[in-house]
Enquirer: 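The structure under discussion is supplied below as structure tokens; questions concerning it will follow.
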Amino acid sequence: MSTIHAKRAEEYLHDEAVALRHDATFFGVRQKRDRMAQALPEWEQLRDAASQIKKHTVTHLADYLEQFAANAEGHGVHVHWAQDADEYNAIVYDILSSHNVKKVVKSKSMLTEECHLNEHLEAKGIDVVETDLGERILQLMKLAPSHIVMPALHVHREEIGDCFREKGLMENLKSQDNPTQVPSDPNDPTFLTFVARLHLREQFAQADAGMTGANFGVAETGDVVVCTNEGNADMSTSIPRLHIVSMGIEKLIPDLRSLAVFQRLLARCGTGQETTVYTSHFRGPRPGGEMHIVLVDNGRSSILADPEHWQTLKCMRCGACMNTCPVYRRSAGYSYTYFIPGPIGINLGMLRDAKRYADNVSACSLCMSCDNVCPVQVDLSTQIYRWRQRLDGLGRANAMKKLMSRGMTILFNHPALYTTTLRFSPAANWLPSALMNSALNPWARGHLMMKFPKKSFHQLWKELEKESRNQ
Amino acid sequence: MNSKEKILSALRRNTRETYEMPDLGALQGITFDDPVAQFVQKTTTTAGARLVEVHDGDDLNALIRQAYPEAHIFASNIPGIQADMNPDTVGDVRELMRVDVGIIEGRIGVAENACIWIPQAMREKAICFASECLVILLRRSQIVSNMHEAYALIQQSDEYFRQYPFGTFISGPSKTADIESALVYGAQAARGVTVCLID
């Protein structure tokens with residue numbers, strides 16, 4: 001009766017070295033975040049402000065969207081509105097096909113993953129090239145992201161090197177005026193990054209259009225703000241003349257003053273850096289170019305109506321909740337059934353389709369670490385707890401746990417029965433270990449079955465009371 | 001109703017309780033006794049850039065060439081800066097991908113994170129990203145402590161975004177840690193950055 005997450009996690013943990021490395025990698029990012037937080041005396045004030053700004057913005061979202069769209073249009077940007085993934089995909093394809101685009105370079109956007117844009121465009125014959133290094137590695141290897149900010153950290157350098165060699169990326173080295181020699185370690189990350197650089201710069205030069213996501217949309221100015229370390233969003237929009245922005249409607253903030261708060265939090269929380277290398281503001285098309293913004297709802301406006309879960313709309317996709325999550329770190333992205341893993345992914349999956357993605361709600365120990373690191377104070381674990389209460393209604397409750405709950409209800413409601421059961425429980429200690437620690441006993445998974453104490457807490461308490469009376 | 005109207009009306013219908021915008025005036029960002037020293041330190045450590053102090057009477061062109069002795073193609077549109085290519089007049093923007101050193105001007109430096117505000121001041125902004133290496137000129141007097149101060153300056157100014165509708169903060173060279181978290185400088189954009197601090 002385990003969930004898909006639990007089963008996949010169990011498989012994942014078979015390779016202990018891989019699992020330990022994954023855990024250490026992301027805990028390292030969490031520690032870097034901690035150092036960033038501790039270096040700023042105003043840290044908690046920033047989180048308070050970020051949460052309040054987002055609460056304000058998402059509860060006035062229609063007004064801010066109108067303001068944002070009017071400002072962007074005033075600067076010559078074409079603004080499109082998409083109610084769902086199909087409409088979004090159709091709009092993007094229309095723009096690309098009307099410009100006769102054969103190849104589009106893309107910087108990272110979780111929204112395009114959510115809507116399966118790449119598959120849609122590729123089916124219609126458009127060459128889509130992801131330009132974030134991690135995303136490009138995954139695209140070449142035909143893998144899905146395992147994390148929203150560091151999507152390919154689960155792939156090892158040998159696999160990446162093999163993939164680059166197989167796909168012919170090394171050819172670019174030869175065409176250089178000054179060919180770079182393959183180093184003694186042919187999978188050296190610096191070398192592989194250089195190989196990818198040559199490959200990707202060739203793609204930028206060949207592309208007819210560039211697509212970016214949006215970290216923030218600024219209502220007051222109409223700015224689209226995109227943050228990257230690699231500069232790939234900027235390369236994608238500096239060479240091709242057509243720029244298409246894909247933006248979830250919840251990415252809006254009121255003004256530049258608010259942006260300062262979020263710019264300071266994003267990289268510190270996400271990767272433990274004071275800033276991303278590039279924080280770019282797009283306020284209109286390039287000279288001789290064209291800029292389009294597609295505003296996508298795809299279920300977001302319905303989330304607003306949910307009194308228990310509307311605050312997930314505050315999320316700015318920094319990934320801090322994944323890095324800190326002990327379950328994510330030890331089970332990795334592919335154990336989850338929704339494309340966004342970790343605490344925020346569990347919640348977003350349930351909001352997308354609760355019945356379909358219910359397997360992920362087991363991936364939480366309710367330690368609440370995610371609530372404490374979230375820069376916009378989304379109550380992630382409380383929300384997961386609430387989803388668990390609704391599982392029975394969805395027909396997705398675990399039958400064994402239901403049975404046990406029913407048993408415990410009877411036990412706890414009948415004191416005499418409870419006391420008798422407790423008195424006889426040490427008898428279980430005498431059962432053969434092979435039986436108690438068998439696979440049939442879920443309480444003996446991953447560790448030995450506990451030993452029942454000879455005396456219960458109640459008995460000890462009563463004895464103590466008696467003793468103190470006698471003294 | 002079209003999609004825009006449907007989305008907006010769904011949002012208005014689904015909004016329950018509303019919340020006020022917080023007073024951001026109470027939020028005091030970190031400040032430094034010596035923002036310039038902090039900026040220099042952040043630039044040369046975390047950001048991974050080089051820093052050259054330029055004083056009155058120094059030959060800026062000579063200093064730039066000294067910093068990049070191997071470079072062949074220099075690009076800039078800044079008056080007085082010697083260059084082989086000009087981002088205002090270049091025919092095909094892809095030409096800028098061959099540039100060894102692009103020289104551009106920053107307008108605000110931020111001490112807390114080594115960010116430099118670069119409003120687009122050339123026809124082709126590709127020079128800021130596609131150049132192999134970047135030289136950013138910045139005046140000492142333009143350095144502030146934190147991003148709150150930087151965005152306040154941008155908000156108050158009417159000069160940015162006027163000529164070209166783009167501006168970016170750059171903090172050091174392009175970098176990535178996407179392969180096994182190993183930090184590598186020179187992902188897709190500039191592989192090296194030199195900040196010239198001018199009196």
Side-chain angles (χ1 to χ4, degrees), chain A residues 25 40-42 45 49 52-53 55-56 59-62 65-66 75 81-83 87 131 133-134 150 152-153 156-157 160 189-190 192-193 197 200-201 205 229-232 234-235 238-239 254 256-257 259-260 263-264 274-275 277-284 287 297 301-302 304-305 307, chain B residues 2-4 6-8 10-12 14-22 24 27-30 42 46 93-94 97 112-113 115 123-126 128-130 147-148 150-152 154-155 161 164-176 178-182 184 186-190:
Chain A
T25 299
L40 289 184
E42 69 271 29
Q45 267 179 290
Q52 288 167 19
I53 295 168
K55 269 163 116 168
H56 166 72
T59 59
H60 296 82
L61 198 50
L65 279 168
E66 283 183 312
H75 297 132
W81 302 73
Q83 290 181 79
E87 191 175 5
T131 61
L133 176 56
M150 294 157 278
L153 284 193
H156 297 167
R157 63 174 78 181
I160 298 168
T190 304
L192 291 180
T193 301
R197 174 185 173 88
L200 286 167
R201 283 172 71 96
N229 276 324
E230 298 178 3
N232 56 315
D234 290 297
M235 292 295 288
S238 295
I239 312 291
L256 291 176
R257 213 172 171 204
L259 179 60
Q263 200 278 351
R264 297 187 75 204
E274 272 122 356
T275 179
V277 175
Y278 303 93
T279 305
S280 293
H281 296 235
F282 298 90
R283 197 175 280 187
D297 182 345
S301 58
S302 320
L304 194 57
Chain B
N2 61 26
S3 292
K4 175 182 179 177
K6 280 183 190 157
I7 293 170
L8 293 177
L11 286 170
R12 292 202 163 100
N14 292 345
T15 304
R16 296 163 307 112
E17 212 177 332
T18 59
Y19 292 82
E20 289 305 304
M21 181 71 180
L24 294 179
L27 184 64
Q28 172 67 52
I30 196 166
K42 280 284 155 197
T46 11
V93 62
R94 291 170 186 82
M97 296 180 86
E112 69 163 325
N113 56 14
C115 275
R123 188 179 149 80
E124 294 299 350
K125 63 185 161 78
C128 308
F129 311 106
M147 292 302 287
H148 303 291
Y151 274 120
I154 293 171
Q155 198 161 21
F161 297 103
Y164 296 104
F166 177 85
T168 184
F169 281 102
I170 298 183
S171 175
S174 153
K175 65 185 175 193
T176 184
D178 275 353
I179 301 178
E180 291 192 358
S181 344
V184 180
Q188 280 78 274

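Residue numbers begin at 1 in each chain, while the letters A, B, ... track the order of the sequences.
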Enquirer: Hey, are the side chains of D297(A) and W81(A) touching, using non-hydrogen atoms and a 4.5 Å cut-off?
Expert: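 Not touching, per the 4.5 Å side-chain cut-off.
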
Enquirer: Checking R123(B) against chain A: side chain, backbone, both or neither under 4.5 Å from a heavy atom?
Expert: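 It is both, since atoms from each part get that close.
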
Enquirer: Report yes if some heavy atom in the side chain of P254(A) is under 4.5 Å from a heavy atom in the side chain of I53(A); otherwise report no.
Expert: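 Yes - at least one pair of side-chain heavy atoms lies under 4.5 Å apart.
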
Enquirer: Report which part of I239(A) has an atom under 4.5 Å of a heavy atom belonging to chain B: side chain, backbone, both, or neither.
Expert: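 Both parts, heavy atoms under 4.5 Å.
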
Enquirer: Could you have a look at D234(A), L153(A), L40(A) and say which one has the most heavy-atom pairs with chain B under 4.5 angstrom?
Expert: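 Top count of heavy-atom pairs under 4.5 Å with chain B: D234(A).
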
Enquirer: Between E87(A) and K6(B), is the closest basic N to carboxylate O distance under 4.0 Å?
Expert: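 No salt bridge links K6(B) with E87(A).
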
Enquirer: So I179(B) and V184(B), do their side chains get closer than 4.5 Å, heavy atoms only?
Expert: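 Side-chain contact under 4.5 Å: no.
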
Enquirer: Are side-chain heavy atoms of M235(A) and M97(B) found at a separation under 4.5 Å?
Expert: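 Of all side-chain heavy-atom pairs linking M97(B) with M235(A), at least one is under 4.5 Å.
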
Enquirer: Measure T190(A) against the heavy atoms of chain B and call it side chain, backbone, both or neither at under 4.5 Å.
Expert: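 Both parts, heavy atoms under 4.5 Å.
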
Enquirer: Tell me, side chain or backbone of R201(A) under 4.5 Å from chain B's heavy atoms, or both, or neither?
Expert: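 Contact with chain B is through both the backbone and side chain of R201(A).
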
Enquirer: With only heavy atoms counted, which part of E124(B) is less than 4.5 Å from chain A, the side chain, the backbone, both or neither?
Expert: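 The side chain, not the backbone.
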
Enquirer: Determine the option with the most heavy-atom pairs under 4.5 angstrom with chain B, choosing from G134(A), S302(A), S280(A).
Expert: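 It is S280(A).
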
Enquirer: Is it the backbone or the side chain of H75(A) that comes under 4.5 Å from a heavy atom of chain B, or both, or neither?
Expert: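 H75(A) has no heavy atom closer than 4.5 Å to chain B.
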
Enquirer: Please check this pair: side chain of T59(A) against backbone of Y19(B), looking for a donor-acceptor N/O pair closer than 3.5 Å.
Expert: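 Side chain of T59(A) to backbone of Y19(B), a donor-acceptor pair under 3.5 Å: yes, one is there.
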
Enquirer: Is Q155(B) close to chain A through its backbone or its side chain, or both, or neither, when contacts mean heavy atoms under 4.5 Å?
Expert: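 Contact with chain A is through both the backbone and side chain of Q155(B).
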
Enquirer: Check whether any side-chain heavy atom of P173(B) sits under 4.5 Å from a side-chain heavy atom of V277(A), and report yes or no.
Expert: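 When only atoms from C-beta onward are counted, V277(A) and P173(B) do not touch, as no gap falls below 4.5 Å.
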
Enquirer: Which atoms of E112(B) are under 4.5 Å from chain A, going by heavy atoms: the side chain, the backbone, both sets, or neither?
Expert: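 Both the backbone and the side chain of E112(B) come within 4.5 Å of chain A.
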
Enquirer: For Q45(A), is it the side chain, the backbone, both, or neither that has a heavy atom closer than 4.5 Å to a heavy atom of chain B?
Expert: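 It is both, since atoms from each part get that close.
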
Enquirer: Is the side chain of Q188(B) donor-acceptor paired with the backbone N or O of S174(B) at a distance under 3.5 Å, no angle test?
Expert: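 The answer is no, because no donor-acceptor pair under 3.5 Å joins these two groups.
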
Enquirer: Can you confirm whether R264(A) sits close enough to E42(A) that some side-chain heavy atom of one is under 4.5 Å from a side-chain heavy atom of the other?
Expert: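 Touching, per the 4.5 Å side-chain cut-off.
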
Enquirer: So what's closer than 4.5 Å to chain B heavy atoms on L65(A): side chain, backbone, both or neither?
Expert: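 The side chain, not the backbone.
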
Enquirer: What part of T18(B) gets closer than 4.5 Å to chain A, counting heavy atoms only: side chain, backbone, both or neither?
Expert: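 For T18(B), the contact with chain A is made by backbone and side chain together.
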
Enquirer: Is P307(A) close to chain B through its backbone or its side chain, or both, or neither, when contacts mean heavy atoms under 4.5 Å?
Expert: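 Contact with chain B involves both backbone and side-chain atoms of P307(A).
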
Enquirer: Just give me the residue among T131(A), L259(A), L200(A) that pairs up with chain B most often, heavy atom to heavy atom, under 4.5 Å.
Expert: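 With the most close heavy-atom pairs to chain B, the winner is L259(A).
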
Enquirer: Taking atom types as modelled, is there a side-chain donor on Q263(A) or T275(A) under 3.5 Å from an acceptor on the other?
Expert: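 Yes, side-chain donor-acceptor contact under 3.5 Å.
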
Enquirer: Is F161(B) close to chain A through its backbone or its side chain, or both, or neither, when contacts mean heavy atoms under 4.5 Å?
Expert: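 Answer is side chain: those atoms of F161(B) sit under 4.5 Å from chain A.
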
Enquirer: For the candidates A49(A), G231(A), A205(A), G284(A), which exhibits the highest count of non-hydrogen atom pairs separated by less than 4.5 Å from chain B?
Expert: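 Answer, by heavy-atom pair count under 4.5 Å with chain B: A205(A).
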
Enquirer: Which answer fits A152(B), side chain, backbone, both or neither, if we ask what part of it has an atom under 4.5 Å from a heavy atom of chain A?
Expert: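 For A152(B), neither part sits under 4.5 Å from chain A.
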
Enquirer: Would you mind reporting whether L61(A) and T15(B) have side-chain heavy atoms less than 4.5 Å apart?
Expert: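 No, their side chains stay 4.5 Å or more apart.
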
